[in-house]
Q: 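Take this structure first; my questions come after.
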Amino acid sequence: MKHTQRYDQHQAMAFADLLVQWYEKNKRQLPWRRERDPYRIWVSEIMLQQTRVEAVIPYYERFMEQFPTLQELADAPEDRVLKAWEGLGYYSRARNLHQAVREVQTHYNGIVPDEPDAMGNLPGVGPYTLGAVLSIAYNKEIPAVDGNVMRVISRVFYLYDDIGKQKTRKTIEQMVQQMIPTGKASQFNQGLMELGALVCIPGNPRCLGCPVQTVCRAYAEGVQKELPVKEKKKPPREQQIVVPLIEQERKIWINRRSNEGLLAGLWQLPTYEVTGEDEPTSLQTSFYEQYGFRLQIGERFFTVQHVFSHIKWNMNVYKCFLSESEQSLLAQVSDKDSGHCFVPIEELEQFTFPNVHLKILSKWKGME
DNA sequence: AAACCGTGGGA
DNA sequence: TTCCCAAGGTT
């Protein structure tokens with residue numbers, strides 16, 4: 001009888017035992033495993049959301065040098081926090097963490113809460129992070145179910161539920177909750193993730209060296225490659241983006257994005273989504289609506305593509321020209337605090353986001 | 001429930 | 001090249 005999900009108590013206990021033993025012997029030495037400071041563990045867990053360990057390590061080290069304690073992070077201006085996060089992605093994580101730390105400072109006397117209700121109500125702390133921080137830092141017996149854990153549990157316990165569904169995460173949280181060995185929540189939760197990261201990996205799991213091979217039902221049935229079940233996601237939708245390149249005395253016109261949505265609050269070369277009509281007209285219209293005069297659009301300079309997780313930008317860069325009166329008009333409103341300004345081309349890098357605009361910059365310099 | 005929010009590395 | 005996806009959270 002295939003696809004039945006029977007939960008075997010003996011299997012679960014043997015599994016937990018083997019896992020904890022293996023973890024204690026084989027865990028990696030990671031920067032956030034050096035001490036058990038709840039603040040540091042919290043920061044690491046936020047950075048590790050949807051992000052690989054190798055990518056996180058340098059950011060984590062720098063972050064801890066800049067903000068060694070919860071209080072120092074709480075006291076820091078948001079600009080510095082975002083700057084330290086630049087390049088890591090998912091920037092609301094940084095803003096939420098900053099806000100949450102400030103709440104801890106004011107409401108909890110600077111001590112990271114060890115109660116699920118208090119911790120779970122902080123911005124940016126969802127069910128996974130709640131369980132991870134409380135179990136790792138305080139050894140509380142609370143599940144911490146992430147993608148690794150769902151993969152491991154699906155395989156070991158022969159679970160065919162789609163791990164893309166929220167309901168499946170809840171099912172697995174209940175299973176894990178019952179398996180946590182008394183007094184060993186920290187090792188067990190980290191062991192689950194460590195096994196998922198090193199052995200029970202996506203695609204071709206390394207079953208030959210697996211410490212829980214003897215209790216794994218997927219291995220027994222030879223279906224470890226079929227699990228976990230996960231529905232494919234849709235391809236990113238495409239957007240046509242026009243970028244005006246406005247230069248004046250070796251300075252480039254940039255602006256700051258809205259505080260909400262994609263790349264919130266970040267500086268960029270201006271981008272406008274093309275709506276309907278041809279690109280130069282669309283660009284001229286968008287610019288007119290914003291500044292009240294018609295920009296002269298030159299020829300198309302070049303095309304750059306950038307793919308986000310859910311959006312694909314086809315960016316066409318147009319060289320633009322201003323009359324003398326328009327030049328002085330823009331120069332007058334050039335102001336960092338109001339969200340748009342001219343910056344020297346050498347400084348463009350620090351106001352633009354890596355990867356997307358650096359490509360533009362290099363091509364622009366090459367064509368001078 | 002499903003869309004939205006980044007990035008870089010590996011197959 | 002293209003696709004997948006990695007220690008998720010919010011709306």
Side-chain angles (χ1 to χ4, degrees), chain A residues 23 27-28 30-33 40-60 82 85-97 99-100 119-137 143-152 162-170 172-173 176 186 188-198 200-204 225 228 230-237 239 257-266 268 305-313 353-359:
Chain A
Y23 175 71
K27 65 180 173 186
R28 290 170 289 180
L30 299 172
W32 45 90
R33 284 184 179 158
R40 295 187 164 229
I41 288 167
W42 183 8
V43 171
S44 76
E45 290 302 337
I46 300 295
M47 285 189 172
L48 286 162
Q49 289 170 7
Q50 300 287 286
T51 311
R52 295 174 185 280
V53 166
E54 310 84 66
V56 166
I57 289 175
Y59 280 90
Y60 178 83
L82 279 175
W85 210 272
E86 194 171 284
L88 247 193
Y90 287 133
Y91 300 94
S92 66
R93 291 185 298 177
R95 279 187 292 273
N96 284 334
L97 173 63
Q99 175 61 30
M119 190 67 196
N121 278 325
L122 295 169
V125 179
Y128 164 75
T129 307
L130 164 70
V133 173
L134 294 199
S135 66
I136 297 173
V145 174
D146 69 346
N148 284 316
V149 176
M150 290 198 283
R151 183 171 58 255
V152 171
D162 180 356
I163 64 167
K165 310 271 186 189
Q166 284 187 359
K167 189 182 170 191
T168 304
R169 202 205 68 235
K170 291 183 179 171
I172 294 178
E173 277 178 348
V176 170
S186 173
F188 181 68
N189 279 345
Q190 291 186 83
L192 277 171
M193 294 187 274
E194 197 79 342
L195 188 74
L198 299 180
C200 196
I201 56 180
N204 288 326
K225 287 187 184 178
K230 189 175 182 183
E231 199 181 328
K232 284 181 185 173
K233 6 178 204 189
K234 300 169 185 175
R237 67 172 190 274
Q239 278 184 350
R257 297 181 62 86
S258 148
N259 278 324
E260 293 172 0
L262 187 66
L263 302 173
L266 295 176
Q268 60 166 10
Q305 200 175 64
H306 185 75
V307 184
F308 301 92
S309 57
H310 55 298
I311 304 172
K312 182 192 279 185
W313 273 5
F353 207 63
N355 305 318
V356 179
H357 297 300
L358 284 183
K359 290 179 200 166

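Note on naming: letters A, B, ... go to the chains in the order of the sequence lines (proteins, then strands), and numbering restarts at 1 for each one.
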Q: Heavy atoms only: give me the nearest A:T168-A:D162 pair and the separation to one decimal.
A: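 Reported closest heavy-atom pair: OG1-O, 2.7 Å.
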
Q: Once you round to the nearest 0.5 Å, how far does OG1 of A:T129 lie from CG of A:L134?
A: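 Between atom OG1 of A:T129 and atom CG of A:L134 there are 10.5 Å.
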
Q: Which of the following nucleotides, C:dG8, C:dA6, C:dT10, is nearest to the side chain of A:N96?
A: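 In terms of side-chain proximity for A:N96, the closest of C:dG8, C:dA6, C:dT10 is C:dT10.
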
Q: If you go through the side-chain atoms of A:T51, does one of them form a donor-acceptor pair with the base of B:dG6 closer than 3.5 Å?
A: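 Answer yes: a donor N or O sits under 3.5 Å from an acceptor.
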
Q: Provide, to the nearest angstrom, the distance between the CD1 atom belonging to A:I163 and the P atom belonging to C:dG8.
A: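 These atoms are roughly 11 Å apart.
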
Q: Got a second to check how far A:R28's CZ is from A:Q190's CD, nearest 0.5 Å?
A: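 It is 10.5 Å, given to the nearest 0.5 Å.
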
Q: Contact class for A:L30 vs. all strands (heavy atom < 4.0 Å): base, sugar-phosphate, or nothing?
A: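 Since a base atom lies under 4.0 Å of A:L30, the category is base.
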
Q: Rounding to an integer number of Å, can you tell me how far A:R93 CZ sits from C:dT10 P?
A: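 Roughly 13 Å, once rounded to whole Å.
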
Q: Can you tell me how far apart CG (A:D146) and CD1 (A:I172) are? Round to the nearest 0.5 Å.
A: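 Answer for the CG-CD1 pair, A:D146 versus A:I172, is 10.0 Å.
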
Q: Residues two or more places apart in sequence or in another chain: which of them pass salt bridge (Lys or Arg N to Asp or Glu O under 4.0 Å) with A:R93?
A: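 Not a single residue meets the salt bridge (Lys or Arg N to Asp or Glu O under 4.0 Å) criterion with A:R93.
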
Q: Would you mind reading off the distance between A:Y60 atom OH and C:dA6 atom P, rounded to a whole angstrom?
A: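 It works out to 23 Å between those atoms.
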
Q: Would you mind reporting whether A:P228 and A:M150 have side-chain heavy atoms less than 4.5 Å apart?
A: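 Not touching, per the 4.5 Å side-chain cut-off.
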
Q: Take A:M193 and A:V125, find for each the nucleotide of DNA chain C with the closest heavy atom, and name the residue whose nucleotide sits nearer the 5' end.
A: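 Its nearest nucleotide lies further toward 5', so the answer is A:M193.
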
Q: Base, sugar-phosphate, or nothing for A:W85, non-hydrogen atoms under 4.0 angstrom?
A: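 No contact.
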
Q: Just compare B:dA1, B:dG6, C:dG8 and give me whichever is closest to any side-chain atom of A:Q166.
A: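 Comparing B:dA1, B:dG6, C:dG8 against the side chain of A:Q166, the answer is B:dA1.
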
Q: First locate atom CE of A:M47, then atom OG of A:S44, and finally report the distance between them rounded to the nearest 0.5 Å.
A: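 Spacing of CE (A:M47) from OG (A:S44) equals 9.0 Å.
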
Q: What is the distance from CZ of A:R95 to P of C:dT10, rounded to the nearest Å?
A: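 Answer to the nearest Å: 13 Å.
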
Q: Look at all strands and tell whether A:Q190 reaches a base, only sugar-phosphate, or nothing, counting heavy atoms closer than 4.0 Å.
A: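 Touches nothing.
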
Q: In whole Å, what separates the P atom of C:dC4 from that of B:dA3?
A: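 These two P atoms come out 16 Å apart once rounded.
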
Q: In whole angstrom, what separates A:L48's CG from B:dG6's P?
A: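 The distance from CG of A:L48 to P of B:dG6 comes to 18 Å, rounded to the nearest Å.
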
Q: Out of C:dG9, B:dG6, C:dA6, which has the shortest distance to the side chain of A:Y91?
A: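 Nucleotide nearest to A:Y91's side chain: B:dG6.
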
Q: Kindly indicate whether the side chain of A:W32, heavy atoms from C-beta on, has any atom under 4.5 Å from the side chain of A:I57.
A: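 Heavy-atom side-chain distance check passes, below 4.5 Å.
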
Q: Could you state the OH-C1' distance from A:Y90 to B:dC4, rounded to the nearest angstrom?
A: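 After rounding, the reported distance stands at 8 Å.
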
Q: Heavy atoms only, 4.0 Å cut-off, all strands: where does A:S44 land among base, sugar-phosphate and nothing?
A: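 A:S44: no heavy atom of the nucleic acid under 4.0 Å.
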
Q: Give A:R151 one of three labels, base, sugar-phosphate or nothing, depending on what nucleic acid heavy atoms sit under 4.0 Å from its own.
A: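 A:R151: backbone/sugar contact only, no base atoms under 4.0 Å.
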
Q: Establish, with yes or no, whether the OP1 or OP2 oxygen of C:dG8 is under 4.0 angstrom from a side-chain nitrogen or oxygen of A:Q50.
A: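 Yes, A:Q50 has a side-chain N/O under 4.0 Å of OP1/OP2 on C:dG8.
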
Q: Students often get this wrong, so: under 4.0 angstrom with heavy atoms, is A:V149 touching a base, only sugar-phosphate, or nothing?
A: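 Nothing, no nucleic acid heavy atom in range.
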
Q: Is any N or O donor-acceptor pair between the side chain of A:Y128 and the base of C:dG8 shorter than 3.5 Å?
A: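 Answer is no: no donor-acceptor pair is held.
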
Q: Please report the distance, rounded to the nearest Å, between CZ in A:R169 and C1' in C:dG9.
A: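 Spelled out: CZ on A:R169 to C1' on C:dG9 is 10 Å.
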
Q: Would you kindly give the CE-to-P distance between A:M47 and C:dG9, to the nearest whole Å?
A: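 Interatomic distance, CE of A:M47 to P of C:dG9: 16 Å.
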
Q: Show each protein N/O and nucleotides 9-11 of chain B N/O combination with a separation under 3.5 Å, one pair to a line.
A:
none

